[in-house]
Amino acid sequence: MAYYWYKTAADQGHDCGQYNVGFMWHNGHGVQKNPKVAVEWYKKAADQGYLSAQRLLANIYFKGEDKIIPMDHLQATHYYLLLSEKDDENARKFLTNSSYTGIVNTYLSQNWEAFFPKFKTDTKNAIYEIILVLKEVETMMDVKVPVELWWLVCEEVVHVWPTAAYFLTEKR
């Protein structure tokens, strides 16, 4: 009975319903346990900003799940970064752990544009946000953002906002 109502809410796009449908699949409540189906429902809720889903996905991808969901530290990093934006203490611990800074840097290098949807429509402001976030990442994690990532930003900057080149290259 609970599954029916959660699924009805989930199908209507409610993040809490999506999370609860995932939880039921994850734990086998009212349905046969299936972590893969659970992850798909958790992702729907996480994409809407549902913190519990983001936290659960970060942990699932960090550890792997029942030999069905493989360990994927890049995916875990994605969700830990989302959580850290909301001041989640465990996410910050993961991101600042020196053992994982290489993983975090790799993720940022490969996915930086995905974090800044405005980049395509409001390039100047998006570049400014990217600069601020990259500087914050360097400070928060006490690491250097990969040079390739800075160069990607610089290439866009010279076309749109030449005065930012100084800001980008200081201390480089």
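Here, residue 1 is the first one in the sequence, and each next residue gets the next number. Bear in mind the structure is a predicted one, so any value in this text is a computation, not a measurement.
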Quick one, Asn59 with Tyr80, criterion side chain to side chain contact (heavy atoms under 4.5 Å, CB included). Give me CA distance, side-chain angles, the key distance, then yes/no. CA-CA 9 Å; Asn59 293 330; Tyr80 284 129; 3.0 Å; yes

Using only heavy-atom distances, determine whether the side chains of Tyr3 and Trp25 contain a donor-acceptor pair under 3.5 Å. yes

Test of understanding: with side chain to side chain donor-acceptor pair (under 3.5 Å), list the residues that count as partners of Lys43, not counting sequence neighbours. Tyr61

First locate atom OH of Tyr6, then atom SG of Cys16, and finally report the distance between them rounded to the nearest 0.5 Å. 7.0 Å

How about NZ on Lys86, more than 12 heavy atoms from neighbouring residues, nucleotides or ligands closer than 6.0 Å, or not? yes

Polar side-chain atom of Glu65 near backbone of Ile60 as donor-acceptor pair, under 3.5 Å: no

Gap between atom NE2 of His26 and atom CG of Asn34 - 0.5 Å precision: 10.0 Å

Once rounded to the nearest 0.5 Å, what's the spacing between atom NE2 of His73 and atom NZ of Lys63? 10.5 Å

The criterion is side-chain contact (heavy atoms from CB on, under 4.5 Å); which residues satisfy it with His14, sequence neighbours excluded? Ala9, Gln12

Measuring from Leu57:CG to Leu82:CG, what's the distance to the nearest 0.5 Å? 10.0 Å

Under 3.5 Å: donor-acceptor pair, side chain of Asn27, backbone of His29: no

For Tyr19, does the OH atom have more than 12 heavy-atom neighbours from other residues, nucleotides or ligands under 6.0 Å away? yes

